[in-house]
Amino acid sequence: MLQHAAEEAIRGLEEAGIDFVSGLPDGWQRNVHELVEQNDSFQYVPACNEGAAFSMCAGAWLGGKKSALIMENSGLRVASEYIARISLGTGVPVTLLCSYRGDVGETEHWGVPHGIVAEPLLQALRIKYLVVRHVEDLCPAIKRAKRLSETQLHPAAVLISGDCVWDDGGES
Amino acid sequence: MALDRYDWLSRLASRIPEDCLVMSTYIGAVSFEWAHHTNEHPRTAHLGQMGDVIGMAVGLALALPHRRVVCLDGDGSVLMELAQLVAMGEQSPDNLVVFVVDNGVYESIGWGEHGRRATATATTVDLAAIAAACGVPYTVDISTEDQLVAEIDLAFSRNLCSFVNVRTEPGHSHVQPRRTDGIEDKYRFVRYVERLEGIRITGVPPQDIGLMKKKDG
C-alpha cells in the first residue's frame, strides 16, 4: 500500500478503538502490518494462515479486545470456514481489512481469481463491506466498518484498492 | 492403554481453579460431559468447533494475560487446523494449558457396522510431538491415571504454556446433550467475563444512551 495510505489505515484502526490485530502480511498491506507492529496501541499477533488469525481475533474479543484481521482478499477464502463457524454460528465481531487484489487496475494475473471470489464470498457470509479506492476514504471506512461490526456482532469489511495501492495516475 | 473420558474430565473439572476461564469444543460428548461435570458453569465458553478451539483459546489467553485459560479440544479438531498449533507455539501464552481428548476416532459422527472412523492419531500422528515442533514450551502425551493426576498438578501449579494430549477410550456420552446453541453460550460467557473482569464487551447504542437524563452540572 502507498505509505500515506498505510498511515491512514493506522489512523482508522486507532480512532476505531481497535486494540488487537492479527493477520497474514501480503504484498499490499505489508507496511500496514509493520506500522501496527510498531504501534503500542495494538496487540499484534501475526499468524501463518487467516483461519487461525480469525480464531485468535474471535477469542480476543471474548476477552474484551476490539479485534481486526488484516489480510489479502485471498485470505478470506481461508478464513471463511471459521467466519462461518464462529460468527454465523455464535455472533462474534471482527473488523476485516482486505487488500482487493483483482480489482479494476490489477497488474498480476494471479490476483484475478481473488477479485472474482471476494465480493460474492463476503455476501455469502453476510458480511457488509465498503470498497475504498481513495486514500481520504480509508480512515472513515475503517471506523464505520468497526462500528457496524460491533453493532451487529458480526464481521464487517473494508476492501482496499485504487489510489490506496497504485500511484499510476490511472495510466495503463 | 487409554483413559475413560467421563472419568478424566470429572477429575479435571474437580481441579480447575475457580477463577480460570475455559474454552471448550461446543458439540459432542466432550462438551456434554464437561458441562455436566461443571454444572454448566459460565466460566466455560462452549464455543469452539472443528479447527478453531485452540486458536480461540490463544486469543482469549492473550487478551487476558493475568487470567488462566484452559482449553478442551479433540484430536479431529486439532488435526483439522494445525496452524492453531503454530500460533500457540509462536505466542506461547504462559496462562494457557490445552487438554486434548485424543480418542483416535471421529466420535461425533457416530459409527456403523464397520465401527468408528479413525483419525490419524490412531495410527501415524503424535499431536504432542507436533505441538513441540511448533514451539509449545511444554508438551506431553499421556495414557494413564497416574500421569493425568501428575499433569493436572503441574498445569495448575505453574505458569507455562502447555499441551497435554490425553489418550482416551472412544465411547458414548454418559450424559444427555446440551440444550443451548452458540448464541446463548456466547452471551452467557461474555456476561460472565464482563462481571469477572469488570469490563464491557458488548456496547450500548448511542441513541439509547441519549435517552438518559443528564445529571446537572
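Numbers restart at 1 for each chain; the letters A, B, ... are given by sequence-line order, proteins then strands. Just so it is clear, the values below take in all heavy atoms, side chains as well, and ignore hydrogens, waters and symmetry mates.
In terms of heavy-atom pairs under 4.5 Å with chain A, the best-connected choice from B:K186, B:R200, B:E194, B:R67 is B:K186. Highest contact tally toward chain B, considering only A:G64, A:S22, A:G63, is held by A:G63 [criterion: heavy-atom pairs under 4.5 Å]. With chain A as the partner, the residue from B:V53, B:D185, B:L60, B:I54 showing the most heavy-atom pairs under 4.5 Å is B:L60. The most heavy-atom pairs under 4.5 Å with chain B, out of A:K65, A:K66, A:E81, A:M56, come from A:M56. Residue with the most contacts toward chain B among A:G89, A:A58, A:C57: A:G89 (heavy-atom pairs, distance under 4.5 Å).
Using a cutoff of 4.0 Å between basic side-chain nitrogens and carboxylate oxygens, A:R133 and A:D163 are not scored as salt-bridged.
Of the two parts of B:A57, neither the backbone nor the side chain holds a non-hydrogen atom closer than 4.5 Å to a non-hydrogen atom of chain A. If you measure heavy-atom distances from B:E90 to chain A, the contacts under 4.5 Å come from the side chain alone. Contact annotation for B:L64: only side-chain heavy atoms (C-beta onward) come within less than 4.5 Å of a heavy atom of chain A. Heavy-atom distances place the side chain of B:I199, and not its backbone, under 4.5 Å from chain A. For A:P46, the parts lying near chain B are the backbone and the side chain together; criterion is any non-hydrogen pair under 4.5 Å. Contact annotation for B:M50: both backbone and side-chain heavy atoms come within less than 4.5 Å of a heavy atom of chain A.
Between the side chain of B:S157 and the backbone N or O of B:L154 there is at least one donor-acceptor pair closer than 3.5 Å. Distance alone, capped at 3.5 Å, is enough to place a donor-acceptor pair between the B:D102 side chain and the B:G104 backbone. Under a 3.5 Å cut-off, the side chain of A:Q29 and the backbone N or O of A:M71 do form a donor-acceptor pair. Within the 3.5 Å criterion, the main-chain N or O of A:V78 finds no donor-acceptor partner in the side chain of A:S80. Not a single donor-acceptor pair under 3.5 Å links the side chain of A:S55 to the backbone N or O of A:A53.
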Exercise. Quick one: do A:H114 and A:Y100 satisfy ring pair (Phe, Tyr, Trp, His ring centres under 6.0 Å)? Show the steps, please.
Key: CA-CA 8 Å; A:H114 306 340; A:Y100 195 173; over 10 Å; no

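Enclosure of atom CZ in B:R117 is not indicated, since only 12 or fewer non-hydrogen atoms of other residues, nucleotides or ligands lie within 6.0 angstrom. When the shell of 6.0 Å around CD of A:E108 is examined, it contains more than 12 heavy atoms from other residues, nucleotides or ligands.
Under the salt bridge (charged side-chain N to carboxylate O under 4.0 Å, His left out) rule, B:D153 has a single partner from B:R15, B:R158, B:R11, which is B:R15. Of the listed residues (B:Y6, B:W111, B:F32), just one forms a ring-ring contact (aromatic ring centres under 6.0 Å, His included) with B:H172, and that residue is B:W111.
Between A:L96 and A:I83 there is a side-chain heavy-atom pair separated by less than 4.5 Å. For the pair A:V45 and A:V21, the minimum side-chain heavy-atom distance is 4.5 Å or more.
Heavy-atom neighbours of chain A within the stretch residues 34-48 of chain B, taken at a separation under 4.5 angstrom, comprise B:L47. Using a 4.5 Å cut-off between non-hydrogen atoms, the part of residues 134-152 of chain A that approaches chain B consists of A:E150.
A:N31 and A:E7 share no side-chain donor-acceptor pair at under 3.5 Å.
Relative ring orientation between B:F99 and B:F156 is described as tilted, the plane-to-plane angle lying within the 30° to 60° band.
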